[in-house]
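Just so it is clear: chains get the letters A, B, ... in the order the sequence lines come, proteins before strands, and each one is counted from 1. All values reported here derive from a predicted model rather than from experimental measurement.
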Amino acid sequence: MIRVLRDQAFAWAWLTLAWVVMWGTVSFANVLGGMALAAALLVLLRMPPLVIGVRVRPVAAVVLVVRFLLDVVIASFQVAWLAVRPGPVPRASVVTTQLRSRNELFQTMVAEMMSLVPGSLVVDLDPGTGRVSMHVLDVETATEAEAFRRRVLDQERRVLAALSASTDDRPVRGRR
Amino acid sequence: MDLLAMVLLLVGSLFSLTAAIGLLRFPDVLSRLHAATKPQVLGVLLVVVGIGLRVGPSLDLGLLVLAGVFQLLTLPVAAHMVSRAVYRSDQVAHEHLAIDDLSAGAQD
């Protein structure tokens with residue numbers, strides 16, 4: 001109960017802050033309006049509790065973020081080059097990967113982060129089975145597909161290492 | 001500082017340009033979706049940081065951060081919705097796919 005209240009309070013503060021920032025000036029009207037609107041949003045659009053089984057590990061979190069930014073930069077150049085290089089455009093594949101985690105929050109994070117890295121985007125994600133299918137540029141052979149699956153699983157490993165509350169490698173059970 | 005801002009803006013714009021070129025050159029919807037959504041990630045972030053350096057410390061900086069954050073949060077969702085719609089309505093150009101795990105496996 002206290003956890004839920006704390007999460008709600010955090011969401012309320014964050015929505016209010018976003019509102020004030022978007023108006024660009026800190027005034028009574030903006031702050032009060034933002035607080036009222038944020039409260040209305042939280043009451044009217046109830047979200048299921050999502051933050052379950054999370055414990056932040058600072059070092060692993062830094063590794064996660066830095067590695068992600070690095071991936072984005074490298075992949076941005078690769079995809080930009082694919083777009084402008086002369087000759088035929090490469091073929092792509094739809095590659096399905098079996099994720100370890102059953103926690104919807106972590107599945108979403110892995111899918112979102114892989115999606116943000118240029119060259120791969122999510123076509124389908126089944127939270128029940130933990131199977132994520134991604135469309136990947138420039139993957140033509142089974143070997144390349146396997147290499148991509150390893151990248152997805154590495155990404156998942158980094159997400160779990162940074163945020164998962166359970167310390168072992170067993171699948172994390174989330175709320176269904 | 002201004003020079004750095006200029007470089008960031010220019011490089012960011014260049015990434016957006018390659019996105020436009022990719023949009024024209026890639027053969028099918030799914031590949032074009034890559035071009036339409038991805039270079040924005042680095043492109044937009046560079047542009048946002050570039051503008052941030054020019055604007056200096058003010059509340060507008062918060063707006064820029066919000067723009068960047070929302071861009072990162074919404075892009076994958078938007079791309080996913082389009083790609084899923086494409087896939088489910090069978091608009092996929094299968095000849096452009098080398099491997100297709102989704103059609104190969106059981107699909108509901």
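A/Val56 and A/Phe68 fall within the same hydrophobic cluster, defined by Ile, Leu, Val, Met, Phe, Trp and Tyr side-chain heavy atoms under 4.5 Å apart, directly or through other members. Each of A/Leu70 and A/Leu64 belongs to its own hydrophobic cluster when Ile, Leu, Val, Met, Phe, Trp and Tyr are linked at side-chain heavy-atom distances under 4.5 angstrom. Taken together through direct or relayed side-chain contacts under 4.5 Å among Ile, Leu, Val, Met, Phe, Trp and Tyr, A/Val63 and A/Met113 form parts of separate hydrophobic clusters. Residues B/Val11 and A/Leu69 share a single hydrophobic cluster, defined by chaining ILVMFWY side chains whose heavy atoms lie under 4.5 Å apart. Clustering ILVMFWY residues whenever any of their side-chain heavy atoms sit less than 4.5 angstrom apart, transitively, puts A/Val65 in the very cluster that holds A/Val72.
The candidate with the highest count of non-hydrogen atom pairs below 4.5 Å against chain B, out of A/Ala80, A/Ala142, A/Ala145, A/Ala75, is A/Ala80.
Note: A/Ile74 CD1 to B/Leu42 CG = 11.5 Å, rounded to the nearest 0.5 Å. To the nearest 0.5 Å, the span separating CG on B/Leu73 from CG on A/Leu116 amounts to 8.5 Å.
Looking at B/Leu66, only its side chain comes within 4.5 Å of chain A, counting heavy atoms on both sides. Residue B/Leu46 does not touch chain A at all, counting heavy-atom pairs closer than 4.5 Å.
Using a 4.5 Å heavy-atom cutoff, the side chains of A/Val94 and B/Ile99 are not in contact.
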Could you go step by step and tell me if A/Leu121 and B/Leu33 meet the side chain to side chain contact (heavy atoms under 4.5 Å, CB included) rule? CA-CA 8 Å; A/Leu121 59 86; B/Leu33 210 48; 3.8 Å; yes
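Shown here are the side chain to side chain contact (heavy atoms under 4.5 Å, CB included) partners of A/Phe77, two or more places apart in sequence or in another chain: A/Val73, B/Phe15.
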Can you pull out all donor-acceptor pairs below 3.5 Å that join chain B and chain A?
from: B/Arg25; atom 1: NH1; to: A/Ala83; atom 2: O; distance (Å): 2.9
from: B/Arg25; atom 1: NH1; to: A/Arg85; atom 2: O; distance (Å): 2.6
from: B/Arg25; atom 1: NH2; to: A/Arg85; atom 2: O; distance (Å): 3.2
from: B/Arg25; atom 1: NH2; to: A/Gly87; atom 2: O; distance (Å): 2.7
from: B/His34; atom 1: NE2; to: A/His135; atom 2: O; distance (Å): 3.3
from: B/His34; atom 1: NE2; to: A/His135; atom 2: ND1; distance (Å): 2.8
from: B/Lys38; atom 1: NZ; to: A/Ser115; atom 2: O; distance (Å): 2.9
from: B/Lys38; atom 1: NZ; to: A/Ser120; atom 2: O; distance (Å): 2.9
from: B/His80; atom 1: ND1; to: A/Val122; atom 2: O; distance (Å): 3.1
from: B/Ser83; atom 1: OG; to: A/Val122; atom 2: O; distance (Å): 2.7
from: B/Arg88; atom 1: NH2; to: A/Asp124; atom 2: OD1; distance (Å): 2.9
from: B/Glu95; atom 1: O; to: A/Arg91; atom 2: NH2; distance (Å): 3.4
from: B/His96; atom 1: O; to: A/Ala92; atom 2: N; distance (Å): 3.3
from: B/Leu97; atom 1: O; to: A/Arg91; atom 2: NH2; distance (Å): 3.2
from: B/Ala98; atom 1: N; to: A/Ala92; atom 2: O; distance (Å): 2.7
from: B/Ile99; atom 1: N; to: A/Ser93; atom 2: OG; distance (Å): 3.0
from: B/Ile99; atom 1: O; to: A/Val94; atom 2: N; distance (Å): 2.8
from: B/Asp101; atom 1: N; to: A/Val94; atom 2: O; distance (Å): 2.9
from: B/Asp101; atom 1: OD2; to: A/Thr96; atom 2: N; distance (Å): 2.7
from: B/Asp101; atom 1: OD2; to: A/Arg149; atom 2: NH2; distance (Å): 2.8

